[in-house]
Amino acid sequence: MNEQLNTGSHDLPITEELAAFMRTGWADTRRTDLSALPIAPWAAKRRAALAARFPGERLIVPAGVLRVRSNDSDHRFRPHSAYSYLTGASEPDDVLVIEPDGQARLYLRPRSPREEGSEAFYRDRRYGEFWVGRRPDLAEAERLYQLECADIHDFRPAGPARVLRGVDPVVDAAVAAGDGDADLAIFLSEMRLVKDEWEIGELQGAVDASVRGFEDVVRALPEALRHTRGERYLEGIFGLRSRLEGNAVGYDSIVASGAHACVLHWVRNDGRLDPDELLLMDAGVEADSLYTADITRTLPLSGRFSPVQRQVYTLVYEAQNAGIAALRPGARFRDFHLAAMRVIAEGLRDWGLLRGSADEIMDSGLYRRYTLCSSGHMLGLDVHDCAKARSEVYLDGVLEEGQVLTVEPGLYLQPDDLTLPAEFRGIGVRIEDDLVITRDGARLMSAALPRHPDEIEGWMATLLS
């Protein structure tokens with residue numbers, strides 16, 4: 001894999017004297033005290049399972065590449081989730097290869113050399129150590145990841161292989177596409193449906209940090225209410241917690257006040273806060289291991305729900321309770337959504353917005369005018385995890401112990417919807433929690449955040465006192 005030195009358009013010239021000076025006088029900083037990453041034994045088991053699924057075949061899973069944000073500035077790199085799942089490594093351009101005999105080798109870009117005339121360590125703005133930080137050398141990487149490592153420049157795949165496509169264009173070009181590539185992508189998604197013990201621990205840590213982030217947000221409300229971009233103020237407050245306790249947020253935070261809450265993926269977050277309105281906040285901390293939480297709370301900005309706000313909130317709360325009660329091993333994945341939607345349908349009928357029995361309303365789908373999206377999804381390395389899994393084992397499958405998912409019903413009463421009483425218009429409510437399927441039901445991982453409206457008011461009063 002050939003590459004050129006990545007110097008900037010305004011790079012200063014290097015004299016021969018400076019080049020010679022930069023090659024000498026460096027201390028030996030190789031690390032011999034490194035121990036294996038906690039993920040290493042779990043990743044080894046996953047690679048073995050992957051090799052067993054495709055015996056006698058070469059499998060190639062790239063980390064991904066840097067992507068330009070603007071001119072010569074890149075976005076912060078995050079490896080492809082399948083690569084992270086199988087290695088625990090996190091540098092761009094690396095490639096995991098599992099050989100036909102099941103042996104795994106990680107091709108990576110080792111630490112920038114400082115000998116043999118190399119200038120990369122101080123001149124390469126994209127990869128140089130002085131520009132972006134130190135990477136492990138090959139020996140250090142082998143200790144960290146507990147698998148054989150080789151220089152990415154020696155990556156020359158020989159013979160046919162299944163490749164995780166669309167991740168690294170260099171890898172895509174190096175190996176001819178085959179009919180089996182799609183099966184590899186599907187299996188890499190499906191093997192993450194059931195979380196192991198280490199993953200559940202990482203997810204719980206992300207949830208716990210997110211709980212603290214929501215507490216930070218409530219404490220910041222007085223200042224945010226005074227700011228012209230109160231939504232963005234709160235986004236920053238949660239983002240700070242995410243960077244202090246994890247890698248970042250697991251997805252763009254939704255901080256939606258008033259009618260903005262009726263926009264399902266409101267991420268502009270540029271609005272003011274009105275104490276007479278609700279705040280819908282959908283946010284999650286991504287752990288350093290890249291596992292993310294996904295939690296939504298809808299809060300009264302005044303600290304207390306108005307009667308109409310409480311009426312809408314309570315219906316969503318009851319719908320979420322019904323969805324959670326439907327979670328257990330052997331239940332169909334769609335059951336919890338249907339249970340929540342039946343409560344919503346009955347509530348809309350009781351409010352006089354829809355007519356007919358609950359069965360008739362469910363069959364007609366008319367309730368979806370007020371609650372457009374599904375009520376949950378798998379959760380893990382991706383906020384919408386396992387998205388390439390086959391329908392028959394995910395959306396149309398059954399729940400299994402060890403799966404982690406969200407339950408998040410909502411009502412989105414658009415501000416211009418003339419089918420609604422005026423006092424309902426512009427109210428959006430979603431309640432979202434993270435749960436792990438257990439032997440006989442489900443455990444609420446985000447139980448530390450209150451859900452009942454009375455508990456919400458008491459919790460806010462305590463944090464604001």
Side-chain angles (χ1 to χ4, degrees), residues 195 199-218 238 241-242 249-251 253-256 261 264 278-287 291-299 312-329 331 333-341 343-344 371 373-380 382-385 399 401-412 428-438 440-460:
K195 271 55 180 179
E199 291 180 283
I200 293 172
E202 291 299 299
L203 283 163
Q204 186 63 64
V207 168
D208 293 344
S210 300
V211 169
R212 290 186 284 274
F214 275 89
E215 293 171 348
D216 295 340
V217 163
V218 172
F238 191 91
R241 176 66 65 176
S242 299
V249 290
Y251 52 94
S253 300
I254 297 169
V255 188
L264 294 176
L278 298 174
L279 172 77
L280 186 157
M281 185 159 182
D282 186 333
V285 172
E286 179 184 75
Y291 287 84
T292 186
D294 182 8
I295 299 172
T296 306
R297 285 296 181 268
T298 304
L299 310 174
V312 176
Y313 184 96
T314 300
L315 179 55
V316 175
Y317 172 77
E318 292 171 348
Q320 191 196 33
N321 283 342
I324 291 172
L327 298 176
R328 64 182 185 280
F333 175 81
R334 296 186 190 272
D335 284 352
F336 75 90
H337 168 69
L338 294 174
M341 291 302 98
V343 172
I344 292 289
T371 178
C373 61
S374 179
S375 298
H377 51 81
M378 292 294 177
L379 184 67
D382 296 330
V383 66
H384 294 157
D385 211 28
L399 297 175
E401 184 178 356
Q403 291 181 334
V404 177
L405 71 163
T406 69
V407 178
E408 51 173 314
L411 277 171
Y412 312 98
V429 173
R430 179 165 66 252
I431 312 171
E432 179 180 21
D433 285 274
D434 304 338
L435 299 103
V436 56
I437 303 300
T438 60
D440 55 1
R443 176 171 65 84
L444 187 60
M445 302 175 77
S446 46
L449 274 182
R451 297 185 301 122
H452 188 279
D454 291 343
E455 294 172 348
I456 289 281
E457 291 177 346
W459 171 71
M460 292 182 68

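Computed over heavy atoms, backbone and side chain alike; hydrogens, waters and symmetry mates excluded.
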Inter-residue atom distance Y317.OH - H452.NE2, 0.5 Å rounding: 5.0 Å

Test side-chain contact (heavy atoms from CB on, under 4.5 Å) on I437 and L405 and set out the steps. CA-CA 8 Å; I437 303 300; L405 71 163; 3.7 Å; yes

Indicate the atoms forming the closest heavy-atom contact of T292 with G250, along with that distance. OG1-CA, 3.2 Å

Give the minimum heavy-atom separation between A326 and A339, together with the two atoms involved. CB-CB, 4.2 Å

What is the distance from atom CZ of R430 to atom CD1 of I295, rounded to the nearest 0.5 Å? 12.5 Å

Could you work out, with side chain to side chain contact (heavy atoms under 4.5 Å, CB included) as the rule, every residue matching S374, not counting sequence neighbours? H337

Residue pair P409 / M341: nearest heavy atoms and the distance that separates them: CB-CE, 4.1 Å

D294 side, atom CG; L203 side, atom CG - distance, nearest 0.5 Å: 11.0 Å

Hey, does the side chain of K195 reach the backbone of L379 with a donor-acceptor pair shorter than 3.5 angstrom? yes

Who passes side-chain hydrogen bond (donor to acceptor under 3.5 Å, both in side chains) against R328, sequence neighbours left out? none

On a heavy-atom basis, which atom in G428 and which in L278 lie closest, and how many Å separate them? O-CD1, 4.3 Å

Nearest heavy-atom pair of G376 and F333: which atoms, and what distance? O-CZ, 4.0 Å

Kindly write out the residues that satisfy side-chain hydrogen bond (donor to acceptor under 3.5 Å, both in side chains) with E408, not counting sequence neighbours, or none if the list is empty. H377, T406

Minimum side-chain heavy-atom gap M378-H384 below 4.5 Å: no

For I324 and F336, what are the C-alpha separation, side-chain angles and deciding distance, and is it a side-chain contact (heavy atoms from CB on, under 4.5 Å)? CA-CA 7 Å; I324 291 172; F336 75 90; over 6 Å; no

When rounded to the nearest 0.5 angstrom, what distance separates CD in E318 from OH in Y313? 11.5 Å

Test applied, side chain to side chain contact (heavy atoms under 4.5 Å, CB included); reference residue, V429; option that passes from T298, T296, L315, L280: T298

Check: G410 main-chain N/O paired with T371 side-chain donor or acceptor under 3.5 Å: yes

Derivation and outcome, side-chain contact (heavy atoms from CB on, under 4.5 Å), residues Y291 and E286: CA-CA 6 Å; Y291 287 84; E286 179 184 75; over 6 Å; no

Quick one: does any side-chain atom of S242 pair with a main-chain N or O of V285 as donor and acceptor, under 3.5 Å? no

For Y251, the ring pair (Phe, Tyr, Trp, His ring centres under 6.0 Å) test, sequence neighbours excluded, returns none

Taken in chain and number order and not counting sequence neighbours, the residues that satisfy salt bridge (Lys or Arg N to Asp or Glu O under 4.0 Å) with D216 are R219, R241

E199 vs V404, side-chain contact (heavy atoms from CB on, under 4.5 Å): CA-CA, chis, key distance, verdict: CA-CA 10 Å; E199 291 180 283; V404 177; over 6 Å; no

In a table with atom names and distances, give each donor-acceptor pair under 3.5 Å that connects a side chain of residues 441-449 to protein atoms at least two apart or in another chain.
| residue | atom | partner | partner atom | Å |
| --- | --- | --- | --- | --- |
| R443 | NH1 | Q204 | OE1 | 2.9 |
| S446 | OG | D433 | OD1 | 2.7 |
| S446 | OG | D434 | N | 3.2 |

So how far is it from D335 CG to S375 OG, rounded to the nearest 0.5 Å? 12.0 Å

Would you find a donor on one side and an acceptor on the other, under 3.5 Å apart, between the side chain of R297 and the backbone of E432? yes

Which heavy-atom pair separates F214 from W459 by the least distance, and what is that distance? O-CH2, 4.1 Å

